[in-house]
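Structure, as structure tokens:
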Amino acid sequence: MALDEKKKAETLIPSGVFAESVTEVEHYTDRLFRFRMTRPASFRFRSGEFVMIGLPNAEKPIYRAYSIASPSWDEELEFYSIKVMCGPLTEHLQKIQKGDTVLMRKKPTGTLVNDALLPGKRLWLFSTGTGFAPFSSLIRDPETYEKFEEVIVTHTCREVGELKYSQDIVAAVKNDLLCGEFAGGLRLYATTTREASPFMGRITDLMASGKVFDDLGVPAISPETDRGMICGSMDMLKDTKAALEGFGLVEGSNNRPDTFVVERAFVD
Ligand code: A2P
């Protein structure tokens, strides 16, 4: 960014938000990228929560909810984003580079947190597309493995290339010194719907047919042993919620923990 542009951006930073510096950007496909940025020393959050993100490119910046993809112990913050051609935020956000400024409102929130679930044996994290982001945070948090013996994260995308982020993160968790020793019970079940891959189909169909349970060698979901979190598009949330209710699970919240919780990736 040129010096006068940088100065102009700084004068546009509103009060009540953090202005952080981008430290890394990685593009996965023409629709998906991730970025990391500095973390304010005073900023605390629970793994799985989201924040409002914006850019200092207008007098009234546009903010969108973004799940924090890094765990609560990480010294930086990571986000995983879709690129929308005419998305008011993402059309600009997808062009950010190392050293650029990103705005973040100060209060994190969300229901995809360990506190909103009753203890159980097996945790299911159901995601489609960028809905994997909050689970990228939770599967890197040792607390998740203190609470659950087994953690199964499902990620469904249209095409194989869109699964790279979740595959990279799960592989990194397994090799990580801090998480690796806890994360023995972590498994990724990745499926595609519009390109051939080893496992194919919507997770809702794979639960209905029982194929996902056969593939993983686990019993069908039951309220005695299983807990769930769901993150994806509105339709995916609705259908996956109905599937979990069909297995006898009940939706919970921060104030009333129960056997599953729901959230959507609120981007553009
Ligand atoms: P499909 O290709 O059959 O639509 P999107 O990019 O549209 O958000 O979709 C991401 C993934 O989520 C796709 O693989 C898509 O499958 C799947 N999906 C879309 N709607 C649902 C739903 N209602 N239930 C389960 N999976 C869904």
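All ligand and atom numbering here is 1-based and tracks the order in the structure.
Between atom 20 (N) of ligand 1 and the options His155, Arg202, Met200, Glu159, the minimum heavy-atom separation is to Arg202.
Checking each of Phe79, Phe33, Phe35, Tyr80 against Tyr165 for a ring-ring contact (aromatic ring centres under 6.0 Å, His included) leaves exactly one that passes, namely Tyr80.
Thr259 contributes a side-chain N or O that, together with a main-chain N or O of Val250, makes up a donor-acceptor pair within less than 3.5 Å.
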Walk me through whether Glu24 and Arg34 qualify under salt bridge (Lys or Arg N to Asp or Glu O under 4.0 Å).
CA-CA 8 Å; Glu24 197 182 327; Arg34 77 173 174 104; 2.6 Å; yes

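At a heavy-atom distance under 4.0 Å, only side-chain atoms of Arg194, from C-beta outward, approach ligand 1. Contacts of Thr156 with ligand 1, taken as heavy-atom pairs under 4.0 Å, involve both backbone and side chain. Under 4.0 angstrom from ligand 1, there are no non-hydrogen atoms of Glu162.
Residue contacts with ligand 1 include Thr204, since one of its heavy atoms falls under 4.0 Å from the ligand. For Arg31, the heavy-atom gap to ligand 1 drops under 4.0 angstrom.
A salt bridge is defined here as a Lys NZ or Arg NE, NH1 or NH2 lying under 4.0 Å from an Asp or Glu carboxylate O, and Glu159 with Arg31 fails to meet this definition.
Listed by atom number, the atoms of ligand 1 under 4.0 Å from Cys157 heavy atoms are 14 (O). Near Asp235, the atoms of ligand 1 lying under 4.0 angstrom from a non-hydrogen atom of the residue are 23 (N).
Looking at Ser21 and Thr38, their side chains never bring a donor and an acceptor atom within 3.5 Å of each other. Counted by atom type alone, Tyr28 and Glu26 present one or more donor-acceptor pairs between their side chains at under 3.5 Å.
Of the protein's heavy atoms, Thr128 CG2, 4.1 Å lies nearest to atom 17 (C) of ligand 1. For atom 9 (O) of ligand 1, the closest non-hydrogen atom on the protein side is Arg158 NE, 4.0 Å. Scanning all protein heavy atoms for the shortest distance to atom 8 (O) of ligand 1 gives Ser233 CB, 4.2 Å.
Below 3.5 Å of separation, one finds an N or O of Thr193 facing an N or O of ligand 1. Where the criterion is an N or O separation shorter than 3.5 Å, residue side chain and backbone included, Asp239 meets it with respect to ligand 1.
Centroid-to-centroid, the aromatic rings of Phe247 and Phe213 come within less than 6.0 Å.
A cation-pi arrangement is not found for Lys106 relative to Phe43, the charged atom failing to lie both closer than 6.0 Å to the ring centre and inside a 45° cone about the ring normal.
Side chains of His155 and Ile169 form no contact here, defined as non-hydrogen atoms less than 4.5 Å apart.
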